[in-house]
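Before any comments, here is the structure.
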Amino acid sequence: MALLDVQGLDVAYGDIHVIWDVDFSVDTGETVALLGANGAGKTTILKTICGVLSPLDGDVVYEGESITGIAPEEAVRRGIAHVPEGREIFADSTVKRNLQLGAYTNRGAMSENLQRVYEIFPRLEERAGQRAGTLSGGEQQMLAIGRGLMSEPDLLLLDEASLGLAPVLVDDVFEAIQRINDQGTTVFLVEQDIHNALRVADRGYVLKSGRIELSGSAEELAGDERVEASYLGE
Ligand code: ATP
């Protein structure tokens, strides 16, 4: 069954219409990638799923119920965690405090969720008492993902988790995503890094200028030259 089913989505910023009639779905247990060039509208779609933006038209159905235009806190309560682009951690708070703040909806037990995050990202346990603003870029990204996991989500929405990281850290982040999915969390990720995204994903969609241009299994998309071309604006 589809955990998330998005139908006929149209989104605008004021008069600027950026998402056009977008359909896609994510099944329970899958990792699905949304690919596309800068400005294609990937972030806008994630923000619409988790209630940060309301669509002009269309429906966002989660666990069989419409959640279109839901308040972001309610989306978290229902099991959707959004890890935004740019991380948005609390720089002056400790690593542990940042993680605790991610548990504000009281889904699951705080100590168990914290333990699970530390298992996935041992580095965060080592640095639990450190001010988050002094973490390296890769560690901050781990913290942002870890904070999302503290609400014990069924669906994790990741926006450009690997952006700006050194290659070795990119590998760490994608390995962590794989582990999170192996442990039962469904993942929908937005990426510009086509190759890594298709390595961890089961399926993908390619967005071009606000419309879905292509979709298929990760294997099909990895072998389709139109995927790369859509990034180059061809
Ligand atoms: P990137 O990979 O660069 O983050 P993206 O695919 O995530 O790009 P979006 O951030 O969703 O793209 O942006 C889609 C379009 O909407 C872009 O043309 C962008 O300029 C526009 N846009 C985004 N936010 C706003 C806003 N607050 N007001 C007006 N236009 C916006």
Side-chain angles (χ1 to χ4, degrees), residues 4-26 31-60 62 67-72 75 80-89 137-138 140-141 143-145 147-148 155-167 169-170 173-174 177 187-201 203-216 218 221-222 224 226-234:
L4 177 72
D5 192 13
V6 171
Q7 292 294 330
L9 200 69
D10 280 75
V11 188
Y13 295 100
D15 293 339
I16 310 166
H17 198 146
V18 295
I19 299 298
W20 305 82
D21 197 21
V22 160
D23 297 337
F24 64 91
S25 64
V26 181
T31 294
V32 175
L34 179 63
L35 307 171
N38 274 321
K42 305 178 299 296
T43 297
T44 301
I45 289 179
L46 279 199
K47 286 183 172 171
T48 309
I49 296 169
C50 67
V52 174
L53 294 172
S54 286
L56 273 184
D57 202 2
D59 212 9
V60 179
Y62 177 72
I67 57 159
T68 317
I70 197 174
I80 301 175
H82 174 221
V83 180
E85 192 177 3
R87 300 156 198 165
E88 296 178 17
I89 57 168
Q140 290 188 17
Q141 187 58 59
L143 179 57
I145 297 172
R147 190 179 52 189
L155 175 64
L156 183 64
L157 307 175
L158 292 175
D159 198 346
E160 305 272 12
S162 70
L163 193 70
L165 300 183
L169 292 175
V170 170
V173 166
F174 278 102
I177 294 170
V187 177
F188 184 61
L189 55 94
V190 154
E191 267 299 333
Q192 287 193 47
D193 182 338
I194 312 172
H195 299 289
N196 274 311
L198 292 177
R199 204 160 49 78
V200 296
R203 294 190 297 117
Y205 293 89
V206 179
L207 193 68
K208 188 171 180 187
S209 305
R211 298 174 199 268
I212 300 282
E213 193 179 53
L214 279 172
S215 65
L221 292 178
D224 190 328
R226 290 174 297 174
V227 176
E228 221 142 331
S230 75
Y231 277 70
L232 304 171
E234 287 165 12

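As the structure is a prediction and not an experimental result, all values here were calculated from the model. Both ligands and their constituent atoms are indexed starting at 1 by order of listing.
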Quick one: list whatever passes ring-ring contact (aromatic ring centres under 6.0 Å, His included) with Phe24, sequence neighbours left out.
-> Phe188, Tyr205
Contact residues of ligand 1 (heavy atom under 4.0 Å), by chain and number | Tyr13, Val18, Ala37, Asn38, Gly39, Ala40, Gly41, Lys42, Thr43, Thr44, Glu85, Glu160, Gln192
Hey, does the side chain of Glu160 reach the backbone of Gln192 with a donor-acceptor pair shorter than 3.5 angstrom?
-> yes
When rounded to the nearest 0.5 Å, the distance separating CD1 of Ile194 from OG of Ser230 is 6.5 Å
Kindly compute the distance separating CD1 (Ile80) from OH (Tyr62), expressed to the nearest 0.5 Å.
-> 5.0 Å
Result of checking Thr48, Asp57, Val18 against Asp10 for side-chain contact (heavy atoms from CB on, under 4.5 Å) | Asp57
Point-to-point distance, once rounded to the nearest 0.5 Å, from NE2 of His82 to NZ of Lys47 | 7.0 Å
